[in-house]
S.K.: 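Take this structure, written in structure tokens, and hold onto it; I'll ask about it next.
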Amino acid sequence: MNIINDNNCSWINDLDKRSNIKNLSKDKSCDWLIVGAGYTGLSAARKLSEIHPGQKIIIVDAQLAGEGASGRNSGYLVDTTLNDGFTSNKKLSNYKKKIDIYKLGIDAVKKFIKEYQVDCDWNEAGKYFATSNNKDQKKLINFSNTLSKLGFENNLFNKEELSKKLGTNFYSLALYTKGGILLHPGKLVRGMIDTLPYNVELIEQSQMLEWKKILDTIYCKFKNNKITTKNIIFCTNGFLGSLGIKSNYNFPLTLTASMTKPLTNDEFKSIGEPKEWGVLPVRPMGATVRMTKDKRILIRNTAEVYCPFKMSENELKKRSLIQKIGIKKRFPSLPSQIVESSWSGIVSRTRNSSQIFEKITNNVFVAGCYNGSGIGVGTLFGEQIAIKASNENTDEINTIESRDKPTWLPPQPFLNLGIRTRLMYERFRSKLEI
């Protein structure tokens, strides 16, 4: 089945259309093939080019590069998270390992944008974990204590304080953490595409159908042609399972989001003219909400087991309605028809919220499954899997590999049944936060 994204994502539509798009029009061979041209694949290609300047590198994507999950997320480069899907790290040592990886991810993105002078609306604004439910107060206080033990600056804000900072009186309590960054995901991933090195060939709109390894050569079949390679790195994140990669250890979830038109001066004044901000939910199925640099409001408040290859326009409209309700609950003074666009995207999850980073055989490698934190971690893992595949080691690889490996998942149809049941339960618990 072909991967077909809707064309309504505001982040992507903000960008100039690319004209240098190349499809797989004939058989090719290379030293390295990278499957997936998002943050991970593009970062892997850049690092491989540094290590192997004389070798041929091909990066291939089923869609347009950067227009999958990388260009469709909410634009949070996180330093800490309260929820990883439906799990929380209860042991401080495990949580410390997780945030060590987040820090390395932030450093990797920061180094890239500085080196290549990429404008991605970088804003070290931090983020709020916010709730309208007073029952969440204990959870936020406990999280604040955890962060304080680890040396993270954080502050609790009440309803009145939040109303001034966010322009909405919807939230009753929030924990603010200083280290997170807000950015424009489309601009960041486009910067990675535009700065690909000379020995990297980008092939787009070419979906891999199957692959096989015979001795030390890997044969990859596409619709009309094939690519033969000496080494392969899979960076397809939510689509790893469809290629038979770690399929019993990760699963995709489909998310949808909506963004408003830029607020008029009067509309912006009516909500107090707040500075750019980002809110993450305290409960797993609550809404992610952002006020962007250019005065738009983004909301993401759905997650479900759904065919990851395509969401129909009618199905997307149903989810867009939920997001319009979410915006109206928070900003009742704004017009009802203020939403400009809605889109879907795929995230990859594991059972225990660990990432996938490993050597499968001597020339087959995989990195992915970021549990909703793909900007920084995806960039980091792309660079480091390229180093690992080149038989080199770094302190970053040691940090990544010190975390627990993803745990085994039950087979279908039991897996989807279990996920749907848990989603339904969490959606019910978070119904006030949508």
Side-chain angles (χ1 to χ4, degrees), residues 11 39 69-70 72-85 88-89 95-114 118-131 136 139-140 142-157 161-162 165-168 171 173-189 255 257 274-284 286-294 296-300 347 353 355 370-381 433:
W11 297 127
Y39 296 124
S70 292
R72 292 169 172 267
N73 65 74
S74 298
Y76 288 76
L77 183 51
V78 298
D79 58 332
T80 59
T81 53
L82 178 54
N83 297 299
D84 279 328
S88 295
N89 287 271
Y95 189 76
K96 177 68 166 59
K97 289 178 182 179
K98 180 177 72 169
I99 60 176
D100 285 344
I101 291 175
Y102 289 157
K103 182 182 185 303
L104 290 172
I106 292 174
D107 291 343
V109 176
K110 187 179 289 189
K111 180 182 177 183
F112 167 75
I113 65 170
K114 183 178 180 180
V118 172
D119 179 10
C120 58
D121 298 342
W122 180 279
N123 186 347
E124 298 183 12
K127 64 187 181 305
Y128 297 86
F129 294 98
T131 180
D136 292 330
K139 188 173 184 179
L140 283 176
N142 289 339
F143 186 48
S144 175
N145 291 335
T146 296
L147 293 178
S148 296
K149 289 176 184 176
L150 294 169
F152 281 90
E153 184 175 335
N154 65 92
N155 300 95
L156 285 165
F157 291 105
E161 293 168 322
L162 288 171
K165 291 180 178 295
L166 307 181
T168 172
Y171 299 105
L173 187 68
L175 178 70
Y176 171 77
T177 63
K178 187 177 181 180
I181 289 104
L182 300 175
L183 52 76
H184 191 304
K187 289 181 179 179
L188 175 61
V189 76
L255 279 59
K275 294 180 181 179
E276 184 177 8
W277 53 259
V279 162
L280 294 175
V282 173
R283 301 191 179 213
T288 295
V289 189
R290 269 192 67 180
M291 173 67 67
T292 68
K293 178 182 178 181
D294 57 356
R296 294 181 289 182
I297 299 169
L298 175 147
I299 183 168
R300 196 282 305 156
V347 297
S353 298
Q355 302 91 1
Y370 306 120
N371 300 285
S373 302
I375 297 178
V377 182
T379 301
L380 170 71
F381 275 40
E433 303 299 310

S.K.: Check Pro185 against Ser70 and note the closest heavy-atom contact, atom names and distance.
M.R.: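 Shortest heavy-atom separation between Pro185 and Ser70 comes out as CB-O, 3.5 Å.
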S.K.: Out of curiosity, Phe129 CZ to Thr81 OG1, how far, rounded to the nearest 0.5 Å?
M.R.: 6.5 Å
S.K.: If I take atom CZ from residue Phe152 and atom NZ from residue Lys103, how far apart are they, to the nearest 0.5 angstrom?
M.R.: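 Phe152 CZ to Lys103 NZ: 9.0 Å, rounded to 0.5 Å.
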S.K.: Where do Val109 and Gly376 come nearest, in terms of heavy atoms and distance?
M.R.: CG2-CA, 3.9 Å
S.K.: Got a second to check how far Leu255's CG is from Arg72's CZ, nearest 0.5 Å?
M.R.: 12.0 Å
S.K.: Just so I know, are the side chains of Leu147 and Tyr95 near enough to count as touching, which here means a heavy-atom distance under 4.5 Å?
M.R.: yes
S.K.: Tell me the closest heavy-atom pair linking Asn154 and Leu175, and the distance in Å.
M.R.: OD1-CD1, 3.3 Å
S.K.: Using side-chain heavy atoms (C-beta onward) and a distance below 4.5 Å, is Leu183 in contact with Asp121?
M.R.: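 A side-chain contact under 4.5 Å is absent here.
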S.K.: I need the Thr177 OG1 to Glu153 CD distance, nearest 0.5 Å.
M.R.: 10.0 Å
S.K.: Hey, mind stepping through Asp100 and Lys96 against salt bridge (Lys or Arg N to Asp or Glu O under 4.0 Å) and telling me if it holds?
M.R.: CA-CA 6 Å; Asp100 285 344; Lys96 177 68 166 59; 2.9 Å; yes
S.K.: Please evaluate residues Leu82 and Leu280 with respect to the criterion side-chain contact (heavy atoms from CB on, under 4.5 Å), reporting the C-alpha separation (whole Å), side-chain torsions for both, the decisive distance (0.1 Å), and the verdict.
M.R.: CA-CA 9 Å; Leu82 178 54; Leu280 294 175; over 6 Å; no
S.K.: Do Lys110 and Glu124 have side chains that get closer than 4.5 Å, going by heavy atoms?
M.R.: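 Side chain of Lys110 against side chain of Glu124, heavy atoms only: contact under 4.5 Å found.
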S.K.: Is there side-chain contact between Tyr128 and Lys165, with at least one heavy-atom pair below 4.5 Å?
M.R.: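 Of all side-chain heavy-atom pairs linking Lys165 with Tyr128, at least one is under 4.5 Å.
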S.K.: I want to know whether Phe381 and Tyr370 have ring centres closer than 6.0 Å.
M.R.: yes
S.K.: Could you tell me which non-hydrogen atom of Ser74 sits nearest to which non-hydrogen atom of Trp11, and how far apart they are?
M.R.: O-CZ2, 4.0 Å
S.K.: Does Ser144 reach the main-chain N or O of Leu140 with its side chain, forming a donor-acceptor pair under 3.5 Å?
M.R.: no
S.K.: Would a 4.5 Å heavy-atom cut-off, applied to side chains only, mark Ile375 and Tyr39 as touching?
M.R.: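 Ile375 vs Tyr39: side chains touch.
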S.K.: Please name the pair of heavy atoms, one in Glu276 and one in Ala125, separated by the smallest distance, quoted to 0.1 Å.
M.R.: O-CB, 4.1 Å
S.K.: Distance check, rounded to the nearest 0.5 Å: Leu162 atom CG versus Trp277 atom CH2?
M.R.: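 Output value for this atom pair is 10.0 Å.
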S.K.: Distance check, rounded to the nearest 0.5 Å: Asn371 atom CG versus Ser353 atom OG?
M.R.: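 It comes to 4.5 Å.
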S.K.: Quickly, which of Val78, Asp79, Ile101 forms a side-chain contact (heavy atoms from CB on, under 4.5 Å) with Ser373? Name it, please.
M.R.: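 In the set Val78, Asp79, Ile101, the residue that makes a side-chain contact (heavy atoms from CB on, under 4.5 Å) with Ser373 is Val78.
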S.K.: Considering non-hydrogen atoms only, spot the tightest contact between Ile106 and Gly179 and give its length.
M.R.: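 Scanning both residues, the minimum pair turns out to be CD1-O, 4.1 Å.
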S.K.: Taking atom NZ as the centre, does Lys178 end up with more than 12 heavy-atom neighbours from other residues, nucleotides or ligands that are less than 6.0 angstrom away?
M.R.: no
S.K.: Between Lys127 and Thr80, is there a donor-acceptor pair closer than 3.5 Å when you use the side chain of the first and the backbone of the second?
M.R.: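 Yes; at least one donor-acceptor contact below 3.5 Å.
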S.K.: Within the 4.5 Å heavy-atom criterion, are Leu182 and Tyr76 side-chain neighbours or not?
M.R.: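 Yes; the side chains approach each other to less than 4.5 Å.
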S.K.: Flag the pair Leu166 / Phe157 as yes when at least one side-chain heavy-atom distance between them is below 4.5 Å, and no otherwise.
M.R.: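 With C-beta onward as the side chain, the pair stays apart.
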S.K.: Please examine the side chains of Val282 and Glu433, heavy atoms only from C-beta on, and report whether any two atoms are closer than 4.5 Å.
M.R.: no
